[in-house]
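Report on the following structure.
Treat the numbers as computed from the prediction; the structure is a model and nothing was measured. Chain A is the first sequence line, chain B the second, and so forth, proteins listed ahead of strands; every chain is numbered from 1.
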2 protein chains.
Amino acid sequence: MARPRTPLLSRERIVAAALRLIDEEGLDALSTRRLATELSVSGPSLYNHFATKDELLDAVVDSVIGEVDLSMFATAEGEAGADGTRWPEALRDWARSYRAALAAHPNIVPVLAQGPGRRPNALRLADAVFGHLVEAGWPRGQATRIGALMRYFVTGSALASFAAGFPADAEVYDAADYPHLGEAHRLAGHRGSVDEGAFETGLEALLDGLALRFARLPARS
Amino acid sequence: MARPRTPLLSRERIVAAALRLIDEEGLDALSTRRLATELSVSGPSLYNHFATKDELLDAVVDSVIGEVDLSMFATAEGEAGADGTRWPEALRDWARSYRAALAAHPNIVPVLAQGPGRRPNALRLADAVFGHLVEAGWPRGQATRIGALMRYFVTGSALASFAAGFPADAEVYDAADYPHLGEAHRLAGHRGSVDEGAFETGLEALLDGLALRFARLPARS
DNA sequence: ACCTGAACACCGTTCAAGT
DNA sequence: ACCTGAACACCGTTCAAGT
């Protein structure tokens with residue numbers, strides 16, 4: 001065949017197929033050969049569009065981060081920020097959107113959690129959060145730490161289901177070894193509500209704790 | 001050589017070598033052949049001690065979790081628990097030990113974050129936390145969620161450095177694209193204090209937020 | 001510019017063979 | 001029981017060759 005008149009592949013098509021493979025069969029199932037087969041081309045064809053598999057993974061990661069809503073940070077001047085009362089609401093809305101985007105693709109979270117690197121969408125996200133917190137009145141050092149701790153919590157909650165981590169087999173939980181886990185085999189059956197409840201409880205607790213600290217901040221000039 | 005009079009390998013030696021390889025070169029650098037070479041045996045020898053590479057990884061993970069201190073949950077009857085005032089201190093001490101154990105081996109955290117599975121040390125940890133919270137007066141459903149959200153936060157904070165995720169190259173942060181990230185290239189240089197500060201801020205905020213909820217709990221009989 | 005097959009140095013795992 | 005080499009079906013990546 002050699003070069004076709006209209007290209008068989010594009011970066012977009014490759015990224016979409018890679019994400020689907022990762023979602024359905026895990027990060028280990030993504031091989032360049034397997035992905036190429038999925039796209040009905042031969043293995044080396046991908047190297048016309050991405051220099052390495054890592055570069056492809058980077059594109060997949062940034063496409064996921066691009067789904068996170070950042071509109072709550074773009075408030076009109078004067079409406080928020082100046083008095084600082086709106087930052088907890090913005091942080092709450094953002095955290096929910098951030099978690100939803102990541103939890104839709106848990107198998108890619110370990111890659112994404114390595115930080116923004118040079119990925120545009122990840123840098124835009126960091127810029128929006130930090131900028132909003134500083135404008136709301138948080139000192140820059142504290143704003144950095146809040147950005148970090150929110151990422152810790154969100155990536156941790158999207159990385160894996162807590163409930164599904166406990167085998168549904170009651171035999172596992174020998175009362176002599178684990179006296180308090182007698183009901184743990186039921187967790188996996190309530191996966192959605194346990195994970196969602198834990199995320200919401202943690203998010204509200206974090207925001208309450210941060211609000212206490214914000215109130216203790218020395219008055220700004 | 002065939003079978004030597006005294007075995008060349010043991011599960012312990014294999015696990016230790018695997019963890020060192022993962023720490024020094026990453027999860028992808030752990031191959032059965034590479035590990036065997038490191039241990040001066042041939043590749044298939046490992047299969048006399050572990051059925052699969054996954055079983056070996058499980059053992060590595062559980063050895064890391066075994067380093068987490070759980071002694072704060074084993075308080076004497078009456079000294080704590082009954083009045084419930086000691087749970088925030090126990091949770092704080094445990095979270096710090098948990099994070100320290102994981103952050104010493106960040107490359108294995110994605111595996112470990114999948115949940116306890118059938119690993120004894122991971123199940124013991126879950127049992128100790130849940131048991132302590134219930135005895136302190138938390139309803140069982142809430143205790144489950146607190147165990148989950150603490151794991152979210154700790155694994156998220158140990159998975160990767162926040163500060164090191166930002167390239168130290170100032171060229172990355174074009175002011176037109178990222179107006180608030182002008183100083184982000186300095187983050188990696190303060191990696192320790194940023195990550196530690198974010199973890200401590202988040203931990204205290206979480207504990208404060210949870211204490212507010214504990215105070216609102218209906219009185220127990 | 002964009003695809004192909006052949007090739008290189010790797011993988012995890014099985015298995016028959018040795019002591 | 002515990003190690004070995006040979007073998008199988010895989011990897012990521014390079015490269016010369018085709019249009």
May I have the distance from A:Phe50 (atom CZ) to C:dC2 (atom C1'), rounded to whole angstrom?
15 Å
Between A:Ser45 and A:Val41 (side chain of the first, backbone of the second, donor and acceptor by atom type, cut-off under 3.5 Å), is there such a pair?
no
Under 4.0 angstrom between B:His49 side-chain N/O and D:dA1 OP1 or OP2:
no
Measure from the side chain of A:Pro44, starting at C-beta and using heavy atoms only, and say which of C:dC15, D:dC2, D:dT13 lies closest.
D:dT13
Among D:dC3, C:dC3, D:dG18, the nucleotide that comes nearest once only the side chain of A:Pro7 is considered
C:dC3
So does B:Glu204 pair up with B:Arg92, basic N to acidic O under 4.0 Å?
yes
Could you give the CG-to-P distance, from A:Leu39 to C:dC3, as a whole number of Å?
10 Å
Using a 3.5 Å cut-off on both pairing distances, which stems of three or more Watson-Crick or G-U pairs include DNA chain D?
C:4-8 with D:12-16, C:12-16 with D:4-8
Find every protein N or O atom lying less than 3.5 Å from an N or O atom of nucleotides 8-12 of chain C, and list the pairs.
residue: C:dC11; atom: OP1; partner: B:Ser31; partner atom: OG; Å: 3.2
residue: C:dC11; atom: O5'; partner: B:Ser31; partner atom: OG; Å: 3.4
residue: C:dC11; atom: N4; partner: B:Arg33; partner atom: NH2; Å: 3.3
residue: C:dG12; atom: OP1; partner: B:Thr32; partner atom: N; Å: 3.1
residue: C:dG12; atom: OP1; partner: B:Lys53; partner atom: NZ; Å: 3.0
residue: C:dG12; atom: OP2; partner: B:Thr32; partner atom: N; Å: 2.6
residue: C:dG12; atom: OP2; partner: B:Thr32; partner atom: OG1; Å: 2.5
residue: C:dG12; atom: OP2; partner: B:Arg33; partner atom: N; Å: 3.4
residue: C:dG12; atom: N7; partner: B:Arg33; partner atom: NE; Å: 3.1
residue: C:dG12; atom: N7; partner: B:Arg33; partner atom: NH2; Å: 2.9
residue: C:dG12; atom: O6; partner: B:Arg33; partner atom: NH2; Å: 2.0

Please determine, for the side chain of A:Asn48, which listed nucleotide (D:dC3, C:dC3, C:dT19) has the closest atom?
C:dC3
Rounded to whole angstrom units, what separation is found between the CG atom of A:Leu56 and the C1' atom of D:dT13?
14 Å
Tell me the interatomic distance from A:Arg13, atom CZ, to C:dC2, atom P, rounded to whole angstroms.
14 Å
Does B:Asn121 reach the main-chain N or O of B:Ile65 with its side chain, forming a donor-acceptor pair under 3.5 Å?
no
Flag, side chain of A:Arg11 to backbone of A:His49, donor-acceptor distance under 3.5 Å:
yes
In terms of side-chain geometry, is the basic nitrogen of A:Arg118 or A:Asp58 positioned less than 4.0 Å from the acidic oxygen of its partner?
no
In whole Å, I'd like the distance from the CZ atom of B:Arg11 to the P atom of D:dA1.
16 Å
Check the side chains of B:Asp54 and B:Thr52 for a donor-acceptor pair under 3.5 angstrom, ignoring hydrogens and angles.
no
Would you indicate, yes or no, if D:dT4 has its OP1 or OP2 atom less than 4.0 angstrom from a side-chain nitrogen or oxygen of B:Ser42?
yes
Residues in side chain to side chain contact (heavy atoms under 4.5 Å, CB included) with B:Pro139, at least two apart?
B:Gln142, B:Leu217
Indicate the atoms forming the closest heavy-atom contact of B:Ala163 with B:Leu187, along with that distance.
CB-O, 3.4 Å
What's the CG-P distance between A:Leu46 and D:dC15, to the nearest Å?
17 Å
Distance alone, cut at 3.5 Å: any donor-acceptor contact between the side chains of A:Tyr98 and A:Asp93?
no
